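Only a predicted model underlies this, so the values are computations on that prediction, with no experimental measurement involved. Chain letters run A, B, ... following the sequence lines, proteins first and then strands; every chain starts at 1.
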Protein chains: 2
Amino acid sequence: MEHRIDRIKKHLHAQSYKLTPQREATVRVLLEREEDHLSAEDVYLLVKEKAPEIGLATVYRTLELLSELKIVDKINFGDGVSRYDLRKEGAAHFHHHLVCTECGAVEEITDDLLEDVEKIVETDWNFKVKDHRLTFHGVCKKCQDQELKVSS
Amino acid sequence: MEHRIDRIKKHLHAQSYKLTPQREATVRVLLEREEDHLSAEDVYLLVKEKAPEIGLATVYRTLELLSELKIVDKINFGDGVSRYDLRKEGAAHFHHHLVCTECGAVEEITDDLLEDVEKIVETDWNFKVKDHRLTFHGVCKKCQDQELKVSS
DNA sequence: TTTAAAATAATAATGATTATCATTAATAAT
DNA sequence: ATTATTAATGATAATCATTATTATTTTAAA
Ligand SMILES: [Mn+2]
Ligand SMILES: [Mn+2]
Ligand SMILES: [Zn+2]
Ligand SMILES: [Zn+2]
């Protein structure tokens, strides 16, 4: 954890930004809830627990900054809010998501999966791929089992 | 065009919805601008040209309805607005997008491309895929050429 | 026609995000 | 150390997309 924060600190310094206490508190929340997909409000409430004096605007500004630096990715699952997702250490591309349309659960896939597709896009469409967003909508394991039970 | 509208009409009727004049005007705009990715506001302004009495709320309601029926797909490219995209005739899945980070241009890919990936997701993650959202961020052909010119 | 349900238009309300601005913290210059 | 600059913050107002409300109109059935 400390190691990870150190790296982020260096990343910020490299662009002459500082890791202020507010920024650090925000990053810590993101690290502690790495599997989750928190909205700005979610982050705000969690940060407030350890740094009660922080303002919502600062959280928005920090998340914006972290997005620019590709430390977090901003995603939108179709409910009205943006969600912020820590990029995996050293990952060149954003990871993928499985969203269950029954229960709303969100799973993560960190495997690349798109290498071949990207090659096709680069050659057939002359498009230089920098990043991607891939989300599958469907039914998670748990909900599939539920359906079986109900119908049997 | 008329044929396409007829089908949509039937689709609505099948769920006991009516193709009201407002709904038809909205669908016509979507058909006329099939390549585009219009926001609700965009659609509203275009519909107003042919049906000036329509209200914005009706456009929102219509787009919502068309989304439910899978006639249009709602997408979000990260600017603050939802965009509405006609699903290709008979397509089981939503098509893909290439968003240029330089000029903002959006290209469409109607080829499936994800068949193999979906198989992997279904078997390795036990996730029953119903649909997907895939967007590549990168540099379009035009902007690549521009860069070459500038740097030479 | 009368009646009930569905759809619409106008507009108010909501809620997420951004902008503003006065204050504070950090950094550099004297 | 003191002062001047600049960056960052917190509070809050403003904006803007979307949703809810409600009175009215349209449609289809009885
Ligand atoms: Mn994630
Ligand atoms: Mn499209
Ligand atoms: Zn589920
Ligand atoms: Zn471009």
Side-chain angles (χ1 to χ4, degrees), chain A residues 8-29 37-69 71-85, chain B residues 8-29 37-69 71-85:
Chain A
I8 290 171
K9 190 175 190 172
K10 290 207 178 74
H11 201 145
L12 283 166
H13 285 166
Q15 316 279 330
S16 60
Y17 291 114
K18 290 169 271 193
L19 185 63
T20 64
Q22 291 89 339
R23 285 173 185 168
E24 181 170 338
T26 304
V27 168
R28 278 182 191 281
V29 163
H37 301 91
L38 305 171
S39 68
E41 182 84 25
D42 293 338
V43 174
Y44 172 62
L45 292 174
L46 289 165
V47 174
K48 246 173 144 17
E49 290 175 10
K50 46 181 71 169
E53 73 292 351
I54 201 170
L56 177 57
T58 300
V59 171
Y60 269 102
R61 279 185 295 240
T62 300
L63 292 171
E64 182 62 30
L65 176 62
L66 295 173
S67 292
E68 273 172 33
L69 300 183
I71 293 165
V72 306
D73 288 292
K74 196 174 176 179
I75 32 172
N76 195 298
F77 288 137
D79 53 348
V81 297
S82 293
R83 297 182 175 277
Y84 299 84
D85 205 356
Chain B
I8 291 172
K9 190 175 189 172
K10 290 208 179 73
H11 202 144
L12 283 167
H13 284 165
Q15 316 278 329
S16 60
Y17 291 114
K18 291 170 267 192
L19 184 64
T20 63
Q22 290 90 340
R23 285 173 184 166
E24 181 171 338
T26 304
V27 168
R28 278 182 191 282
V29 163
H37 301 90
L38 306 171
S39 68
E41 181 84 24
D42 293 337
V43 174
Y44 171 62
L45 292 174
L46 290 165
V47 174
K48 248 175 138 28
E49 290 176 9
K50 46 181 69 168
E53 73 292 351
I54 201 171
L56 176 58
T58 299
V59 171
Y60 269 102
R61 279 184 296 241
T62 300
L63 292 171
E64 183 61 31
L65 177 61
L66 295 173
S67 292
E68 274 172 33
L69 300 183
I71 292 164
V72 306
D73 288 293
K74 195 174 176 179
I75 33 173
N76 195 296
F77 288 137
D79 54 347
V81 296
S82 293
R83 297 183 176 277
Y84 297 86
D85 205 355

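Heavy-atom minimum distance, A/Leu56 versus A/Ala40: CD1-O, 4.5 Å. Heavy-atom minimum distance, B/Ser67 versus B/Lys74: OG-CB, 4.3 Å.
Within the model, atoms CG of A/Leu45 and OG of A/Ser39 stand 8.0 Å from one another, a figure rounded to the nearest 0.5 Å. Here the NZ atom belonging to A/Lys18 is positioned 9.0 Å from the NE2 atom belonging to A/His13, to the nearest 0.5 angstrom. Of the inter-residue distances, the one linking B/Leu69 atom CG with B/Gln15 atom CD reads 5.5 Å to the nearest 0.5 angstrom. Between A/His11 atom NE2 and A/Leu19 atom CG the span is 12.5 Å, to the nearest 0.5 Å. To the nearest 0.5 Å, atom CZ of residue A/Arg83 and atom CG of residue A/Asn76 are 9.0 Å apart. Between the CG atom of B/Leu66 and the CZ atom of B/Arg61 there is a distance of 13.0 Å, given to the nearest 0.5 Å.
Residues that satisfy the side-chain contact (heavy atoms from CB on, under 4.5 Å) test with B/Lys48, not counting sequence neighbours, are B/Tyr44, B/Ile54. Listed by chain and number, the residues in a side-chain contact (heavy atoms from CB on, under 4.5 Å) with B/Ile8 are B/Leu12, B/Val27, B/Ile71 (sequence neighbours excluded).
Across the protein-nucleic acid pair, A/His13 atom NE2 and D/dA8 atom P stand 10 Å apart, rounded to whole Å. Computed from coordinates, the A/Leu12 CG to D/dA8 C1' distance equals 13 Å when rounded to whole Å.
Taking 4.5 Å as the limit, some side-chain heavy atom of B/Val29 sits within range of a side-chain heavy atom of B/Leu38.
Interface limits on DNA chain C: the 5'-most and 3'-most nucleotides within less than 4.0 Å of chain A heavy atoms are C/dA16 to C/dT27.
The neighbour count for A/Tyr17 OH, taken as heavy atoms of other residues, nucleotides or ligands under 6.0 Å away, does not exceed 12.
Of the residues in residues 16-25 of chain A, those with a non-hydrogen atom less than 4.0 angstrom from any atom of DNA chain C are A/Lys18. Against DNA chain C, the stretch residues 72-83 of chain B makes no heavy-atom approach under 4.0 Å. Of the residues in residues 48-63 of chain A, those with a non-hydrogen atom less than 4.0 angstrom from any atom of DNA chain D are A/Glu53, A/Ile54, A/Gly55, A/Ala57, A/Thr58, A/Arg61.
When both distances must be under 3.5 Å, the Watson-Crick or G-U wobble mate of C/dA19 is D/dT12.
Looking at A/Arg23 and A/Thr26, their side chains never bring a donor and an acceptor atom within 3.5 Å of each other.
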